[in-house]
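When a ligand or atom number is given, it counts from 1 through the structure's own listing order.
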Amino acid sequence: MKNENEFTKWYIDTIQKADLMDYTPVRGCIAFKPDGFEIWEHIQAEMDRRFKETGHRNAYFPMLIPESFFQKEKDHIEGFSPELPWVTEAAGEKLEERLALRPTSETMIGHLYSDWIKSYRDLPVLINQWANVFRWEKKTLPFIRTSEFLWQEGHTAHVDEEEAREETMQMLGIYKEVVEEVLAIPVYDGQKTPSERFAGAVDTYSIEAMMQDGKAVQAGTSHYLGTKFAEAFDIKYLNKQNTHEFVHTTSWGTSTRLIGSVIMVHGDEQGLVLPPRIAPTQVVLIPVGPWKKNPEIIEKLDEVFAQLKAKGIRVRLDDSDQSPGFKFNEWELKGVPVRIELGPRDLEKNQALLKARDEDEKVAVDLAEIVGKIEEELETMQKRLFDKAVAFREKHSHTHVDTLAQLEQHIEASDKNDEIPGWVLAGWCGDDDCEENVKNETKFTTRNIPFNPPATKSTCINCGKEAKHTVWFGRAY
Ligand SMILES: [Zn+2]
């Protein structure tokens, strides 16, 4: 799975065999099948709870945005115009003004906030939206990059820079927590370089995750927008001294590419491996041996099923007439964390066999203790997957590269040994041209300037001058 093409093929095969999605006749637009959508629902629930605990509320804004709104913030339109789909006609008539299918909602929300916010008493405004957005992509990959995708976008307005910056960092922290603790994916948090900033932001921060082919996925971003959108949309408030001031705004988002990241980080040759906290089915119970002639097998499994359900565990009993081998394979493809097998011989010994999706061995568990054992296994598997992903990332995060020549040698050596090049930590002088040159020569782009780099670099990887920043470089989706 190390080779780029093999990995992509494995990924597409895996999501199709696991029945997560289907293609549609509209290029780059996929259908989420129930198992794929349910993974999203669990991610959503974990995020949404944390948003609400920190004082945010959900609202909903229109999908169609007038062209004139985009013209108001110059950087914003420049960044997004190449990817916008437009509605030009409705009810058989040409529209007076074209309407874009939203790529993000800063403009519509800016327009409304200028009306909603009048005084310091109206602040802060802490709103999140769960929605679909459109970015017409040339190269698409299900969940990772699609023309239409699902996401959440937070949009907040504050009295001053300090409060808005605190909000920006708070939300990045929530993203890191959910991605690490729920999706079991370790991330580096840090600041984006100016060329990788969100179009119209003053500062963009991100969490970056490493996939099993060594490429990066930007798993979430949080932006401090300063007063740029406030000035473009005239969002002013009357302060306590009775003078008008522009608000400071933020926006932050995570999307259904998190589903793709989970698959690319944890999956294996047998298919999906899902962290228990987001698995649509956490436990599958499978009768084995001559179970149809022994009705007490199903009776016992029904009993375990009811006990697990009462504990809030998502459990399925597979009593279809397929062979056990077929069932094992099918539930493995779907990445179900725990499988329980029970046959007449097991029942005689008052035990069942437990198989964790990511472990090779089956273990016998006492039927009297089975519910507690399953709960325990779901917890330890969650942690095991995270630790394994951390070890993988550490193995492929390199700190020995200081010059472009060394980076080129590193990539060459990796290719030769059929290894992935992973990421390198390198110094950067802050010049856009140096960043651009590294990208052109190696396809390695700046991921972020980590808050806690494992080492500090003193010279720029490209020009050798003094480094202003220590940056993660890697190939990215
Ligand atoms: Zn430089």
Item to complete: For the pair Y224 and Y205, evaluate ring pair (Phe, Tyr, Trp, His ring centres under 6.0 Å) and give the outcome as yes or no after the intermediate values.
Response: CA-CA 8 Å; Y224 169 60; Y205 300 88; 8.7 Å; no
Worksheet item: When you measure from the centre of the six-membered ring of W151, is the NZ or CZ of R135 under 6.0 Å away and within 45° of the axis?
Response: yes
Worksheet item: Where is the tightest heavy-atom contact between A199 and H76, given as atom of each residue plus distance?
Response: O-ND1, 3.0 Å
Worksheet entry | Candidates R49, R57, R50 - the one meeting salt bridge (charged side-chain N to carboxylate O under 4.0 Å, His left out) with E53 | R49
Worksheet item: So which protein N/O/S atoms does the Zn ion (ligand 1) have within less than 2.8 Å?
Response: C429 SG, C434 SG, C460 SG, C463 SG
Discussion item. Tell me whether K17 at atom NZ has more than 12 heavy atoms from other residues, nucleotides or ligands lying less than 6.0 Å away.
Written reply: no
Worksheet item: So E435 and S195, side-chain hydrogen bond (donor to acceptor under 3.5 Å, both in side chains) or not? Walk me through it.
Response: CA-CA 9 Å; E435 193 181 2; S195 75; 2.9 Å; yes
